[in-house]
Amino acid sequence: MAAARRNKRMAASQPGFLSFNSGLDGNSSDIKRRKRVNKNKKKNWNKYSDIQDVEEFLDDVRLQEKAAGGLIAEKPDATLFFVDTGEKDKETQPQTTVKKGKRTKPLRIDLILQPDSRIPAPKNVLAFQQPNAKKQRRMAEKAARLAAMGVLPRREKLLRLRQAAAASGLPVKENPVANNNPERAFYDLWSAGTPETDDPYYLEQTKKKLVKRPDRLNEKPSVLPAIEVVGPGGSYNPDFFSHQDLLREAHEVEVKKLRAEERLARQLAVKEDIATEESSFKEQVEGLIEEGDVEPEEPEGGSEDTVIGPTATQEKKTEKQRRKEKAQRIKALRRKADRQMIDKQQQLFQLRSIRANLKTQEQRTRQRQAQRKANQEAQKSMPRRLGRLKFQTPDLDVQLSHELAGSLRSLKPEGSILKDRFMSLQKRNLIEPRERAKFKRKYKVKYSEKRAFREIV
Amino acid sequence: MGGLQKKKYESGSATNYITRNKARKKLSLSLADFRRLCILKGIYPHEPKHKKKVNKGSTAPRTFYLLKDIRFLLHEPIVGKFREYKIFVRKLRKAYGKAEWGGVERLKENKPVYKLDHIIKERYPTFIDAVRDVDDSLSMCFLFSTFARTGKCHVQTIQLCRRLSVEWMNYVISSRSLRKVFLSIKGIYYQAEVLGQTITWIIPYQFAHDHPTDVDYRVMATFTEFYTTLLGFVNFRLYQTLNLVYPPKLDGQGEINLKSEFEEDYALDSESYTEKLSALSASLARMVPSAEEEETELDHFPTEGEDQEKMEEREKMEHEQIKQKKFFEGLKFFLNREVPRESLAFVIRCFGGEVSWDKSLCIGSTYDAKDETITHHIVDRPSIDTQYINRYYIQPQWVYDSVNAKILLPVEEYFLGVTLPPHLSPFVEETEGDYVPPEKLKLMALQRGEKPQTEDEEEEEEEEEDEDEEEDDQSEEEEEAEDEANLAEIEEKRSRGKSLSVKVTPGKAKAENRKRAAEEEKAEEKRLAIMMMKKREKYLYDKIMFGKKRNVREANKLAAKRKAHDDASKEDKKKKKKKC
């Protein structure tokens with residue numbers, strides 16, 4: 001490396017050196033007066049020594065190497081110039097078209113992707129690394145020590161094990177492949193194998209057979225189909241009316257949303273009059289200005305206080321009163337029983353109306369049953385409330401009339417299928433609706449002003 | 001009297017349910033692992049009927065699982081693997097932290113992995129159960145296979161998804177089981193009939209990706225993990241039923257044709273085979289190289305009378321279906337570079353057509369654009385420079401519409417630069433009395449085999465007339481003509497009525513009348529039946545009839561509207577033409 005750099009320097013010092021951007025060369029000499037600083041600090045070396053000319057020169061060398069594959073000054077003239085002898089005859093062209101099967105011109109995209117630097121890419125980056133002799137020596141020493149103790153390295157040990165296994169003819173247990181390995185193999189999962197003859201209880205207890213899955217679990221939690229096909233209005237080139245239908249549907253959803261929003265705004269609106277200057281002033285001086293007609297209300301309040309609360313003391317009933325009450329009670333009971341008796345007898349004559357009554361009652365219950373059943377059926381296709389959040393129907397994917405593409409090429413797809421699938425899983429009650437976890441900072445951010453910043457402000 | 005007082009929440013629904021957090025603790029798993037386990041095992045949260053009882057008096061919204069489900073989960077061997085994995089991660093982190101690279105290597109070598117095979121077998125005890133449930137897995141696999149390899153999910157998962165989806169497409173091609181295609185603004189819907197099950201899936205358009213932020217990628221990846229395993233086993237079995245080699249191999253002869261010199265430009269040697277498979281242009285190798293055994297004759301059991309008729313009908317249907325399955329046979333397509341290659345190649349090959357594309361577009365092209373035997377060239381740009389006389393230049397929608405109609409549609413409406421007819425959804429099935437768009441009516445007429453009275457011709461004729469006359473005149477004339485016809489009819493009727501009363505004509509054999517009499521009788525019977533109905537039934541009947549009539553009325557209204565719209569647009573066109 002160092003030798004190459006020296007070489008370059010040498011080339012530059014020669015009088016014949018041509019620089020690519022030679023215009024800059026002359027201007028660099030007239031700079032302002034050198035600033036005098038102490039050179040006993042490394043910081044100052046970096047800061048105050050002017051190395052721009054060196055940088056420029058090195059940049060130029062690099063550019064030449066990249067574009068021309070070496071320093072131009074060193075190149076022979078034949079590679080740089082050619083003798084112009086006018087236009088060539090076009091005899092050669094028909095010959096090229098004859099070979100049809102041969103490789104045609106490479107595609108432009110492939111050309112664009114070709115590297116345009118003349119410097120070949122390094123083959124192996126690690127090859128440039130200097131081996132660390134000390135480290136290697138240490139490692140070798142350790143290996144020798146272990147070998148003396150009779151400990152084999154891991155690689156060797158595994159190899160011997162494998163060889164031993166192969167020699168004994170035992171099938172080598174392969175490492176299981178991951179589920180998402182693209183080369184994984186499949187087999188006939190549903191082929192009828194040999195039926196188990198052992199006691200199923202024994203097999204289950206010894207973990208040789210899995211516990212039977214209850215049939216209940218094979219029912220789907222929703223009756224909705226896995227793929228819901230969009231209506232005819234969602235076609236990329238829809239029929240006019242079906243497209244209008246879809247638009248109307250989307251419009252209605254939008255209107256509903258807007259109405260809910262408006263209602264909320266209305267409910268939250270401040271209903272009282274807004275404070276004017278006058279009213280606010282009044283409020284401020286409230287109580288400061290004494291008015292004659294305000295009277296203390298304390299005595300009144302005091303009198304009321306005495307009324308509140310249980311004051312009446314229960315007087316004891318006399319014996320006569322008790323007797324009277326008891327007689328009344330008995331009389332009322334008897335009257336009630338009589339009334340019931342009469343009513344029962346009367347019901348014999350009301351048979352018709354009773355029957356009608358019963359009929360209507362039964363009909364009503366039947367209706368209610370049917371209604372409830374219908375509701376339950378409807379519920380089966382509805383998303384359930386499975387967690388903190390409710391399922392929210394995603395927006396309809398709609399393209400407005402002017403967005404519709406005339407052809408498949410200019411079609412701009414609407415919505416995301418990934419989201420559609422995710423929502424479908426939620427809608428079918430397979431997963432509970434969730435929202436993205438909010439970012440929570442573990443520690444508070446501490447702001448501190450840097451000195452440079454403080455100096456400016 | 002008496003006995004112990006029952007305590008609250010110690011029996012009934014309160015003990016049948018368990019909250020998510022408790023379940024998680026019971027299984028001693030982290031929340032992420034618990035969620036993964038539930039997805040893999042197909043255990044879903046439940047909404048209890050009486051939340052307050054279940055929640056021990058609190059009404060806070062929580063996620064509940066059935067306790068029995070969680071008890072069932074306790075037996076799952078994967079739970080142990082999850083715990084092992086957790087410990088593996090911990091050890092690995094420690095080894096990294098201590099910079100013990102040997103330890104890291106050893107740990108990675110012994111990374112715990114789990115299998116899902118037993119879960120698939122458990123959740124889908126029979127093969128047909130799995131086929132019935134394959135919709136979801138197809139959509140997910142096709143979706144994941146289009147992802148960019150940017151670290152949103154494992155690259156290996158993407159590769160596996162791609163492999164499985166290509167296998168599936170190749171199966172559908174070989175079994176000729178595609179039924180419907182629908183190009184929507186979201187993606188392309190396909191429907192196939194596999195072993196008697198209708199299977200629908202959706203494929204996104206190419207390059208249509210933005211990654212939405214409100215989707216939980218971890219959950220989706222877990223579902224995909226399960227679905228890829230399922231789809232792999234289903235594919236294996238499906239290939240077996242068709243006697244195809246699995247993993248799919250290209251047919252021997254096809255391979256030689258496919259060998260081209262510039263392969264190395266498009267794929268590495270290691271990948272070129274899978275790329276060629278995914279090009280969908282060659283057929284697959286079979287286990288037993290047999291001659292075309294597709295047309296297996298059904299066994300005939302001689303039966304009498306009606307059964308015979310039914311059998312014949314069924315046979316006819318089958319023949320028709322077989323015919324429909326290969327109605328692209330003998331056609332040679334060439335795809336221009338701007339059309340969606342994979343989708344078109346898939347659809348065309350499903351119906352027996354031959355397809356190719358430019359060599360530089362993708363690997364696996366079989367012939368180039370200069371081939372004289374190409375019948376259809378699919379182009380999606382307003383015009384093309386070099387055109388051959390002996391082929392149709394059509395827009396891609398023709399292929400899809402033809403597939404949905406199951407016949408070769410007339411190509412005139414799909415030429416280059418022509419405004420396309422609307423792409424109707426094949427998933428809509430109109431019942432009687434619904435509004436049917438006129439394009440569909442025309443299509444149905446075509447399917448019945450009627451020669452369509454092409455609208456264009458009519459229009460042209462009209463336009464020719466227009467050049468001579470004013471529009472108003474024409475419409476008036478039409479109306480007049482209609483009126484005259486009506487009048488003539490009325491007159492005729494009248495005269496007939498009169499003549500009957502007066503004249504005595506010689507008797508004729510009334511051949512038709514028998515039929516008519518029968519019809520009349522039927523109508524009379526129906527009328528009587530209606531009269532005899534009970535009040536409640538009558539009410540219901542009236543309601544149904546009213547509903548039907550309302551449907552018809554609405555359909556008529558829509559049709560009238562459409563006509564008005566068409567007329568308006570036509571007039572606009574004419575005006576424009578005149579201006580020009």
Side-chain angles (χ1 to χ4, degrees), chain A residues 103 107 110 154 176-182 184 186-190 210-211 213-214 217-218 221 225-227 229-232 234-242 384-388 397 399 406-409 411 413-422 425 429-432 434-436, chain B residues 42 44-45 47 61 63 72 75 113 116-118 120-122 126-127 135-136 139-140 143 154 156-157 159-160 163 183-187 189 200-202 204-205 208 210 212 214-216 219-220 225 229 232-233 236-237 338 360 380 395-396 420 422-425 427-428 437 439 558 562 565:
Chain A
R103 181 194 202 93
L107 290 176
D110 294 338
R154 181 179 156 73
V177 270
N179 270 326
N180 62 356
N181 187 356
R184 63 170 293 188
F186 294 102
Y187 55 92
D188 193 354
L189 187 70
W190 291 280
L210 290 172
V211 176
R213 184 183 174 88
L217 288 178
N218 286 338
I227 311 283
V229 182
V230 290
S235 164
Y236 93 100
N237 180 14
D239 174 45
F240 176 73
F241 283 102
S242 40
R384 318 310 305 258
R385 177 75 186 260
L386 293 178
R388 199 167 54 80
D397 286 324
Q399 280 190 332
S407 74
L408 205 55
R409 176 175 48 91
L411 168 71
E414 192 73 23
S416 151
I417 294 188
L418 183 67
K419 182 153 187 213
D420 189 56
R421 296 279 76 222
F422 188 61
L425 292 175
N429 301 327
L430 300 190
I431 48 176
E432 72 272 19
R434 298 169 58 202
E435 62 185 353
R436 201 183 161 90
Chain B
Y44 310 118
E47 186 189 28
T63 310
F72 170 64
H75 295 288
V113 290
L116 295 176
D117 305 6
H118 66 280
I120 305 258
K121 181 80 195 274
E122 183 187 276
T126 63
F127 173 55
D135 297 26
D136 247 333
S139 298
M140 207 71 114
L143 176 68
H154 288 287
Q156 290 203 316
T157 308
Q159 281 171 340
L160 180 65
R163 171 193 152 191
L183 304 170
S184 78
I185 48 175
K186 276 184 185 172
Y189 289 94
T200 318
W201 71 97
I202 183 170
Y205 289 110
D210 57 326
D214 45 359
V215 171
D216 192 341
V219 166
M220 297 303 265
E225 190 182 1
T229 318
F233 286 120
F236 184 91
R237 190 69 187 252
E338 70 274 6
S360 59
D380 198 3
Q395 301 193 38
L420 291 166
H423 177 64
L424 302 172
S425 167
F427 292 94
V428 180
E439 287 86 6
L558 274 175
R562 167 75 191 220
H565 172 76

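Heavy-atom basis, side chains included; hydrogens, waters and symmetry copies ignored. Quantities reported herein were computed from a predicted structural model and do not represent experimental measurements. Residue numbers start from 1 in every chain, and the chains themselves are labelled A, B, ... in the order their sequence lines are given, proteins ahead of strands.
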B:Asp135 (side chain) donor-acceptor with A:Ala226 (main chain) under 3.5 angstrom: no
With side chain to side chain contact (heavy atoms under 4.5 Å, CB included) as the test, would you mind laying out the steps for B:Met220 and A:Arg421 before giving the verdict? CA-CA 9 Å; B:Met220 297 303 265; A:Arg421 296 279 76 222; 3.8 Å; yes
Hey, does [Y] have a side-chain heavy atom less than 4.5 Å from the side chain of [X]?
X	Y	result
A:Ser235	B:Leu424	no
B:Ser184	A:Tyr236	no
A:Ser416	B:Pro212	yes
B:Asp214	A:Glu435	no
A:Pro413	B:Ile185	no
A:Asn180	B:Glu225	no
A:Pro182	B:Arg163	no
A:Tyr187	B:Asp117	yes

Heavy-atom distances under 4.5 Å only: say whether [X] touches chain A with side chain, backbone, both or neither.
X	value
B:Arg562	both
B:Tyr189	side chain
B:Phe427	side chain
B:Pro396	side chain
B:Val428	side chain

Salt bridge or not between A:Arg436 and B:Asp216? Use side-chain N to carboxylate O under 4.0 Å. no
Ion pair present between A:Arg385 and B:Glu47, side-chain N to carboxylate O less than 4.0 angstrom? no
Calculate, to the nearest 0.5 Å, the distance between atoms [atom1] and [atom2] belonging to [X] and [Y] respectively.
X	Y	atom1	atom2	value
A:Leu418	B:Ser139	CG	OG	12.0 Å
A:Leu210	B:Lys121	CG	NZ	11.0 Å
B:Gln395	A:Arg409	CD	CZ	9.0 Å
A:Asn181	B:Thr157	CG	OG1	10.0 Å
A:Asp188	B:Arg237	CG	CZ	4.5 Å
A:Leu425	B:Asp136	CG	CG	6.0 Å

Is it the side chain or the backbone of [X] that comes within 4.5 Å of chain B heavy atoms, both, or neither?
X	answer
A:Asn429	backbone
A:Leu430	both
A:Phe241	side chain
A:Arg184	both
A:Leu411	side chain

Give me the ring orientation class for B:His565 and A:Phe240: parallel if the planes are under 30° apart, tilted from 30 to 60°, perpendicular past 60°. parallel
Heavy-atom pair of closest approach, residues A:Val211 and B:Phe72: O-CE1, 3.8 Å
Contact summary for A:Pro221 and B:Tyr44, nearest pair of heavy atoms: CG-CD1, 3.6 Å
Most contact-rich option vs chain A, by heavy-atom pairs under 4.5 angstrom, among B:Asp380, B:Thr229, B:Val113, B:Leu160, is B:Asp380
Would B:Thr200 and A:Val229 count as a side chain to side chain contact (heavy atoms under 4.5 Å, CB included) if you check the C-alpha gap in whole Å, the side-chain angles of each, and the deciding distance to 0.1 Å? CA-CA 9 Å; B:Thr200 318; A:Val229 182; 4.2 Å; yes
From CA spacing to verdict: side chain to side chain contact (heavy atoms under 4.5 Å, CB included), A:Arg388, B:Thr63: CA-CA 7 Å; A:Arg388 199 167 54 80; B:Thr63 310; over 6 Å; no
Should B:Tyr205 and A:Ile417 be marked as a side chain to side chain contact (heavy atoms under 4.5 Å, CB included) after you check the CA-CA gap, both sets of side-chain angles, and the distance that decides it? CA-CA 10 Å; B:Tyr205 289 110; A:Ile417 294 188; over 6 Å; no
